[in-house]
Undergrad: 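My questions all concern the structure below.
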Amino acid sequence: MTSIAKIAALYRFPVKGLSAENLDRVELAPDRPLPGDRAIALEFRDSGLDPEHPEFRKKSYFLQLALFPALAVLKSRFDPAIGRLEITRDGAPFAEGIITDAADRERIETAFQNFFDPPLPRKPRLIAGGDVQFTDQSGPLISLINLATVNAIADVAGGPLDPVRFRGNLTLEGLEAWAENDLVGKRIAIGNGAVLEVEKRIDRCAATEVDLETGVRNRPVIARLRETFGHIDCGVFARVVEPGAIAPGDPLKVL
């Protein structure tokens, strides 16, 4: 098998709608999303979700960049071993605490409610998903973003785009622009034994238009995708079918 690309970077987004954490290595398990990805969400309107038994809900129930672009200025880190969430704004503490501690959780929720001007009409509810992760898909999928495709979009969208705008778990280098779309329906081997089956293309939303440092929408990504390429896709979703460890620099091979 010939390598077609390699992993440029690995990311997880511990809190839905907030910043990425760069990973050095991750163990993938069959029919599971990337560990720790979207493990926490802040529900801003009533979803009917039972926090003791969380299940999939559409992103419109949660704080997220498409509806609340200002969230981009908040940077988060989560230690799953102790359940500690730390969020900063402009390098200064914004909210922190152990998410299983009721008092800490309430302080975090209050900080998010008051972050907006005017404050949100109801206090967001912090939910930790346990085995459920608050991705935008009902199935356990991992997202792959081709850096050449991001550059092709940037060429028509008015300037450079941070690939993290597309909130992918794996960014790939070595592929031609849009070549990831040809992987749909195929299996790919990555790293130490991991095998993924590429299931579908990813249609994008307004979150991709948000500058990750300022929280301002500054690139017409969706309009330019539609006008120039006839779709609003960037990246592909894949399901893990064989376990294994993966890391930046690992090659991808089509099986």
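Sequential numbering from 1 along the given sequence is applied to the chain's residues.
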Undergrad: Between Cys205 and Lys59, does the side chain to side chain contact (heavy atoms under 4.5 Å, CB included) criterion hold? Intermediate values first, please.
TA: CA-CA 11 Å; Cys205 70; Lys59 66 182 180 182; 3.1 Å; yes
Undergrad: Give the C-alpha distance, both sets of side-chain angles, the deciding distance and a yes or no for side chain to side chain contact (heavy atoms under 4.5 Å, CB included) between Leu196 and Leu28.
TA: CA-CA 10 Å; Leu196 283 65; Leu28 300 180; 4.0 Å; yes
Undergrad: Restricting to pairs with a member in residues 197-217, which pass ring-ring contact (aromatic ring centres under 6.0 Å, His included), not counting sequence neighbours?
TA: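 Sorted result for residues 197-217: empty, none.
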Undergrad: Please round to the nearest 0.5 Å and tell me the distance separating atom CD1 of Ile222 and atom CD of Glu227.
TA: 11.5 Å
Undergrad: Tell me if a side-chain donor or acceptor on Ser19 pairs with a main-chain N or O of Ser76 at a distance below 3.5 Å.
TA: yes
Undergrad: Test: salt bridge (charged side-chain N to carboxylate O under 4.0 Å, His left out). Region: residues 7-22. Which pairs qualify, not counting sequence neighbours?
TA: Arg12-Glu21, Lys16-Asp136
Undergrad: Give a yes or no answer on whether the side chain of Gln137 reaches the backbone of Gly139 with a donor-acceptor pair at less than 3.5 Å.
TA: no
Undergrad: Does anything in residues 27-54 pair up under ring-ring contact (aromatic ring centres under 6.0 Å, His included), and if so which pairs, sequence neighbours excluded?
TA: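 Pairs touching residues 27-54 that pass the test: Phe44-Phe68.
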Undergrad: Tell me, do Leu10 and Leu170 make a side-chain contact under 4.5 Å, heavy atoms counted?
TA: yes
Undergrad: Could you pull out all residues at least two apart from Arg217 that satisfy side chain to side chain donor-acceptor pair (under 3.5 Å)?
TA: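 Arg217 satisfies side chain to side chain donor-acceptor pair (under 3.5 Å) with no other residue.
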Undergrad: Find out if a path of hydrophobic residues (ILVMFWY) with successive side-chain heavy-atom gaps under 4.5 Å connects Ile4 to Leu255.
TA: no
Undergrad: For residues 229-252, dump all side-chain donor-acceptor pairs below 3.5 Å to protein atoms at least two apart in sequence or in another chain.
TA:
| residue | atom | partner | partner atom | Å |
| --- | --- | --- | --- | --- |
| His231 | ND1 | Asp233 | N | 3.0 |
| Asp233 | OD2 | Arg201 | NE | 2.9 |
| Asp233 | OD2 | Arg201 | NH2 | 3.1 |
| Arg239 | NE | Glu199 | OE2 | 2.8 |
| Arg239 | NH1 | Asp31 | OD1 | 3.4 |
| Asp250 | OD2 | Ala247 | N | 2.8 |

Undergrad: Looking only at heavy atoms, which two atoms of Ala72 and Gly215 are closest? And how far apart?
TA: CB-CA, 3.8 Å
Undergrad: State yes or no: do Leu120 and Val73 share one hydrophobic cluster built from I, L, V, M, F, W and Y residues joined by side-chain heavy-atom distances below 4.5 Å, directly or via other members?
TA: yes
Undergrad: For the CZ atom of Arg165 and the CG atom of Leu212, what is their distance to the nearest 0.5 Å?
TA: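 The CG atom of Leu212 is 6.0 Å from CZ of Arg165, to the nearest 0.5 Å.
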Undergrad: Which heavy atom of Ala8 sits nearest to which heavy atom of Leu147, and what is that distance?
TA: CB-CD1, 3.7 Å
Undergrad: Find the distance between CZ (Arg167) and CG (Asp37) and round it off to the nearest 0.5 Å.
TA: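 Answer rounded to 0.5 Å: 8.5 Å.
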Undergrad: Quick check on the hydrophobic clustering: are Phe116 and Leu18 connected, directly or via other members, by side-chain heavy-atom contacts under 4.5 Å?
TA: yes
Undergrad: Would you give me the side-chain donor-acceptor pairs under 3.5 Å for residues 179-188, sequence neighbours excluded?
TA:
| residue | atom | partner | partner atom | Å |
| --- | --- | --- | --- | --- |
| Glu180 | OE1 | Asn146 | ND2 | 2.9 |
| Glu180 | OE1 | Thr149 | OG1 | 3.0 |
| Glu180 | OE1 | Trp178 | N | 3.4 |
| Glu180 | OE2 | Thr149 | OG1 | 2.9 |
| Lys186 | NZ | Asp182 | O | 3.4 |
| Arg187 | NE | Glu197 | OE1 | 3.2 |
| Arg187 | NH2 | Glu197 | OE1 | 3.3 |

Undergrad: What is the minimum heavy-atom distance between Leu65 and Gly17, and which atoms define it?
TA: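 Leu65 and Gly17 have their closest heavy atoms at CG-O, 3.5 Å.
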Undergrad: I'd like to check Arg224 versus Ile153 (side-chain heavy atoms, cut-off strictly below 4.5 Å). Are they in contact?
TA: no
Undergrad: If a pair satisfies salt bridge (charged side-chain N to carboxylate O under 4.0 Å, His left out) and one of its residues is in residues 103-114, list it, with sequence neighbours excluded.
TA: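 Passing the test, one end in residues 103-114: Asp104-Arg107, Glu106-Lys123.
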Undergrad: Counting only heavy atoms from other residues, nucleotides and ligands, does the tally under 6.0 Å from CG of Asp24 exceed 12?
TA: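 Open: at most 12 neighbouring heavy atoms sit under 6.0 Å from CG of Asp24.
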Undergrad: Considering only heavy atoms from C-beta outward, does the side chain of Phe166 approach that of Ser143 to under 4.5 Å?
TA: no
Undergrad: Holding to salt bridge (charged side-chain N to carboxylate O under 4.0 Å, His left out), I want the full list of residues that pass it with Arg125, two or more places apart in sequence or in another chain.
TA: Glu43
Undergrad: Applying the 4.5 Å side-chain criterion to the ILVMFWY set and letting contacts propagate, would Val15 and Leu126 be lumped into a single cluster?
TA: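 Yes.
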Undergrad: For Pro140, does its backbone N or O pair with a side-chain atom of Arg32 as donor and acceptor, under 3.5 Å?
TA: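 Not a single qualifying donor-acceptor pair exists.
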Undergrad: For the CG atom of Leu85 and the CD1 atom of Ile108, what is their distance to the nearest 0.5 Å?
TA: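 Here the rounded value is 5.0 Å.
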Undergrad: Is it the case that over 12 heavy atoms from other parts of the model lie below 6.0 angstrom from the CD atom of Glu52?
TA: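 No, the 6.0 Å shell around CD holds no more than 12 heavy atoms from other groups.
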Undergrad: Can you name the salt bridge (charged side-chain N to carboxylate O under 4.0 Å, His left out) partners of Arg45, sequence neighbours left out?
TA: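 Arg45: no salt bridge (charged side-chain N to carboxylate O under 4.0 Å, His left out) contacts found.
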Undergrad: Would you say CZ of Arg77 has more than 12 non-hydrogen atoms from neighbouring residues, nucleotides or ligands within 6.0 angstrom?
TA: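 For Arg77, atom CZ is not crowded (no more than 12 foreign heavy atoms under 6.0 Å).
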Undergrad: Looking at every non-hydrogen atom in both residues, tell me the closest pair between Ala157 and Pro220 and how far apart they are.
TA: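 Here Ala157 and Pro220 meet closest at O-CD, 3.4 Å.
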Undergrad: If we ignore hydrogens and angles and just use 3.5 Å, is the side chain of Asn169 paired with the main-chain N or O of Tyr11 as donor and acceptor?
TA: yes
Undergrad: Are Val221 and Val210 linked, directly or through other ILVMFWY residues, by side chains that come within less than 4.5 angstrom of each other?
TA: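 No, because Val221 and Val210 fall into different hydrophobic clusters, even though each may have its own neighbours under 4.5 Å.
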Undergrad: Can any side-chain N or O of Thr228 pair as donor or acceptor with the backbone N or O of Leu225 at less than 3.5 Å?
TA: no
Undergrad: As an exercise, state the distance from CG of Leu172 to CG of Leu144, rounded to the nearest 0.5 Å.
TA: 5.0 Å
Undergrad: Under the rule for salt bridge (charged side-chain N to carboxylate O under 4.0 Å, His left out), what residues qualify as partners of Glu176, not counting sequence neighbours?
TA: none
Undergrad: Please name all residues satisfying salt bridge (charged side-chain N to carboxylate O under 4.0 Å, His left out) with Lys6, sequence neighbours left out, ordered by chain then number.
TA: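 Here the qualifying residues are Glu173.
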Undergrad: Could you note down all residue pairs passing ring-ring contact (aromatic ring centres under 6.0 Å, His included) where residues 76-109 supplies at least one of them, sequence neighbours left out?
TA: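 Qualifying pairs: Phe94-Phe112, Phe94-Phe115.
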Undergrad: For the residue pair Glu27 and Pro35, what are the closest heavy atoms and their distance?
TA: O-CG, 3.3 Å
Undergrad: Output the distance between atom CG (Leu63) and atom CG (Leu71), rounded to the nearest 0.5 Å.
TA: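 So the CG of Leu63 and the CG of Leu71 are separated by 5.5 Å.
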Undergrad: Quick one: closest heavy-atom pair of Leu141 and Pro33, and the distance?
TA: O-CB, 4.2 Å
